[in-house]
Amino acid sequence: MRPAPLTRTDGDADAGLPAAVLWDMDGTLVDTEPYWIQAEHELVAEHGGQWSDEFAHELVGNALEVSAQLIIDKSHIPLTVPEIIDGLLGRVVAQVRREVPWRPGARELLLELDGLGVPNLLVTMSWRSLADVVVGGLPDGTFRALVTGDEVAHGKPHPEPYLAAARLVGVDPADCVALEDSPTGVRSATAAGVPTIAIPHVVPVPDIEGAVRVTGLDGVRAHDLLTIVASVRRGA
């Protein structure tokens, strides 16, 4: 998806809503982190290595190339980075095709924002092949655009993915809200200047300047988002 920049007139804009909402996928929109962890255990075991949940948690939020290299470094299995990525993606995509495990409140908030005309953009370090399967479980057009890990030069925690997302719809990152579950993702969004809501899930998220932690999205409504990030918005 590569849309034309968003244009709004003053009469169209709602001061109580973000210019766009930038969604992380794994762990934020969908509860796929258990799928990734299972895939890591299976892949490493098949090639004679040892893996642990502690190691798996170190991979949460990383670019897939970074995660694959960490798997090689920690398990010493005789695979290349591309081979590990292909092996993990194939397993996770198959799981998601069987069931998309939406996080509590995430799908409801996503659809509400779309109904109000707020652009939703997916900003994920998973690759397009997986993101397309997840997005395929939603009504057409729910996401205005996708930024995936195989389409950026620098993955999270670099700001590039979030800056790219804001550019796709022609909005100021400071007028958006990002939703993230990992320290790596939160650092990417805040480095891009996006006020960020951190929703820790598999791993804890420490205090990070520019972000506010909440326990979950269940019950969070579209008009709550700017209130939640009011303390970290530019000029607050």
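This is a predicted model, so every value here is computed, not measured.
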Please determine whether a side-chain nitrogen of the Lys or Arg among [X] and [Y] lies less than 4.0 Å from a carboxylate oxygen of the Asp or Glu.
X	Y	answer
K74	E58	yes
D114	R144	no
E108	R221	no
D24	K156	yes

Using atom types as modelled and distance alone, determine if a side-chain donor or acceptor of [X] lies under 3.5 Å from a backbone N or O of [Y].
X	Y	result
E33	V202	no
T28	M25	no
T142	L138	no
E83	T80	yes
D150	R128	yes
N120	L110	yes
R213	I199	no
S75	V44	no

Let me see the working for T196 and L179 under side-chain contact (heavy atoms from CB on, under 4.5 Å), right down to the final yes or no. CA-CA 6 Å; T196 302; L179 302 173; over 6 Å; no

Determine, step by step, whether L43 and I84 satisfy the side-chain contact (heavy atoms from CB on, under 4.5 Å) criterion, reporting the C-alpha distance in whole Å, the side-chain angles of both residues, the deciding distance to 0.1 Å, and the verdict. CA-CA 8 Å; L43 184 67; I84 289 175; 3.9 Å; yes

Measure the acute angle between the ring planes of F55 and W51, then classify it against the limits of 30° and 60° as parallel, tilted or perpendicular. tilted

Heavy-atom distance under 4.5 Å between the side chains of P200 and D181, does that happen here? no

For Q38 and E42: C-alpha separation, side-chain torsions, deciding distance, then whether side chain to side chain donor-acceptor pair (under 3.5 Å) applies. CA-CA 6 Å; Q38 178 183 342; E42 291 175 355; 2.9 Å; yes

